[in-house]
Amino acid sequence: MIRPAELIERKRDGEELAADELRELVLGYARDGVPDYQMAAFLMAVYFRGLSSRETFALTDAMIASGETIDLGAALGRKCVDKHSTGGVGDKTSIAVGPVVAACGVPFGKMSGRGLGHTGGTIDKLEAIPGYRVELTTEEFVEQVREIGLALIGQRADLVPADKRLYALRDVTATVDNVSLIAASIMSKKIAGGADAIVLDVKVGDGAFMKTLDDGRALAETMIELGTRAEREVVCLLTDMDQPLGRAVGNALELREALATIRGAGPPDFTELVLSSVAHLLALSDLGIDEAEGRRRAEQAVADGSAVEAYERWIRAQGGDPAEDALPVAPVKTEVLAERGGFVRSLGAIRIGVAALHLGAGRRAKEDEIDHAVGIVCLKKRGDAVEAAEPLAEIHARGKTAGSEAAEQVAAAYELGDEPPRPRSIVLDVVG
Ligand code: URA
């Protein structure tokens, strides 16, 4: 029987722990045998000392062993692809990627999370749709992927329960942004969820957990190693999170933007990320095509309307109303005007994320209710030319006071200057 205090001490002193020690600690925590205060101390020791590759593998295996696993490929009799983002501001990518992948004839069954801190969660966004059921049984989930080609549900509690508890603890003990802990958290869920091939969107920048390209690359490489060890193919896109993705931040606003994008009328950065993600997913699928052909098919599915049809089939199958008019609308709309003319030099993602959170688009405490209607639309993005008094952004608020407070925060997120910044593409690098 391990003594948690001894493991904390040895990790604090920089020792490498054995796989069975980590396994007992994680399973003990998942089953209430190890208290939060000891696990929190252990996480902080890991935060400062790091985990070796061997320890990261062992942590991931222990997390998978804490619950059930699904073999989606065996249930469908096909190779299954999945995607996951490390989290950012305005990230509605899965909601647009799913219908395009399904329209191209590749099954897409995904489990997603809720918002954390200033980052939004796909499941919160989907709950803006009246009637949408985020909880399906495993049988319903598999059946819907088989019948409709697409299902998107909340993370099942019986899959990697250790992650659910560990993540909540990390969120409140300043131990989220550690490469080994993020890699084990994401990959344990992807491996337990049964994907054969995975596209990971590793966000880098001001609004992401990884602030630099080097840190993003280290996270990508660790996740690829974990995937390879579990015989899964993994490709990581390192993508820009120095400014919000697309224009919309806030649940119903982001859904409208995802819909516009699969209709071919989305913002350029978001459209590029969706098409690029789909191209990689199709190239990893059992279609036997390369990425260039994947890209061509993704563009075709958007142009011929089959992606929108897939979206509507999917939302109806999950009990929701796919009509755009069914989405909630905030009662107060305020514009943020430019104080001067020039170019947008930067647009701080974290400031926009926090302003949306304060409007009610996210949770400050775990038990908070989300207001699905509120949020921010960034009409101008990095590099755009602006005239004095032209609108930079729109605030969608529940009341006037909340709207004007958010307007001040959003104005402070914009840096205007005389020269445009150097253009930067949304996909910064591809690893794997
Ligand atoms: N997303 C996850 O699922 N886990 C992390 O640790 C960070 C982002």
Side-chain angles (χ1 to χ4, degrees), residues 26 29-30 39-40 42-44 46-47 50-51 55-57 59-64 66-67 82-94 110-125 134 152-157 159-195 198-212 215-227 230 232 234 236-239 241 245 277 349-350 353 362-363 366:
V26 169
Y29 181 61
M39 203 60 194
F42 179 76
L43 289 170
M44 192 53 84
V46 168
Y47 187 86
L51 291 179
E55 287 175 313
T56 310
F57 296 155
L59 174 66
T60 310
D61 287 346
M63 286 168 70
I64 295 170
S66 71
D82 197 356
K83 80 163 276 293
H84 196 91
S85 153
T86 58
V89 179
D91 188 1
K92 57 246 136 205
T93 313
S94 299
K110 176 165 165 50
M111 292 182 205
S112 285
R114 295 195 178 274
L116 281 162
H118 68 279
T119 68
T122 301
I123 287 303
D124 294 328
K125 295 172 208 212
V134 298
L152 226 152
I153 61 171
Q155 190 63 42
R156 291 194 49 90
L159 225 78
V160 201
D163 181 63
K164 207 176 163 90
R165 298 201 59 186
L166 278 171
Y167 202 101
L169 190 61
R170 287 166 59 211
D171 198 26
V172 291
T173 55
T175 50
V176 172
D177 46 347
N178 169 274
V179 166
S180 291
L181 297 178
I182 296 179
S185 162
I186 291 178
M187 291 308 290
S188 60
K189 286 179 287 200
K190 296 292 105 177
I191 294 166
I198 306 148
V199 172
L200 297 169
D201 180 355
V202 179
K203 303 276 181 218
V204 177
D206 164 75
F209 295 124
M210 297 290 107
K211 304 291 180 204
T212 67
D215 287 347
R217 222 172 250 128
L219 176 59
E221 278 159 12
T222 305
M223 293 197 288
I224 290 168
E225 260 180 76
L226 288 171
R232 317 293 161 113
V234 182
C236 290
L237 310 183
L238 297 174
T239 71
M241 191 31 73
L245 179 61
S277 305
I350 195 152
R363 296 179 189 81
K366 262 199 300 202

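Being a predicted model, the structure only gives us computed values, none of them experimental. Residues take their numbers from the sequence shown, with the count starting at 1. First listed ligand is number 1; within each ligand, the first listed atom is number 1.
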**Q.** Atom indices of ligand 1 within 4.0 angstrom of Ile186 heavy atoms, with elements
**A.** 1 (N), 2 (C), 3 (O), 4 (N)

Q | Lys110 side-chain N/O to Lys83 backbone N/O, donor-acceptor pair under 3.5 Å | A | yes

Q. Nearest 0.5 Å, what's the OG1-CG distance between Thr222 and Leu181?
A. 11.0 Å

Q | Atoms in ligand 1 with a heavy atom of His84 nearer than 4.0 Å | A | 3 (O)

Q) Looking only at protein heavy atoms, which one is nearest to atom 3 (O) of ligand 1, and how far off is it? A) Lys189 NZ, 2.5 Å

(Q) Taking 4.0 angstrom as the limit and counting only heavy atoms of Ile182, give me the atoms of ligand 1 inside it, by number and element. (A) 5 (C), 6 (O), 7 (C)

**Q.** side-chain hydrogen bond (donor to acceptor under 3.5 Å, both in side chains) partners for Ser85, two or more places apart
**A.** Asp91

Q | Nearest heavy-atom neighbours spanning Ala40 and Leu169 | A | N-CD2, 3.7 Å

**Q.** Part of Thr86 within contact of ligand 1 (heavy atoms, under 4.0 Å)
**A.** backbone

Q. Among protein heavy atoms, which lies nearest atom 5 (C) of ligand 1, and at what distance?
A. Tyr167 CE1, 3.0 Å

Q) Can you check whether Tyr29's main-chain N or O pairs, donor with acceptor, with Arg165's side chain at less than 3.5 Å? A) yes

Q.
Between ligand 1 and Ser185, is the shortest N or O to N or O distance under 3.5 Å?
A. yes

Q) Can you tell if the side chain of Asp163 reaches within under 4.5 Å of the side chain of Gln155, non-hydrogen atoms only? A) no

Q. Counting each atom of ligand 1 from 1 as listed, which ones have a heavy atom of Arg170 under 4.0 Å away?
A. 6 (O)

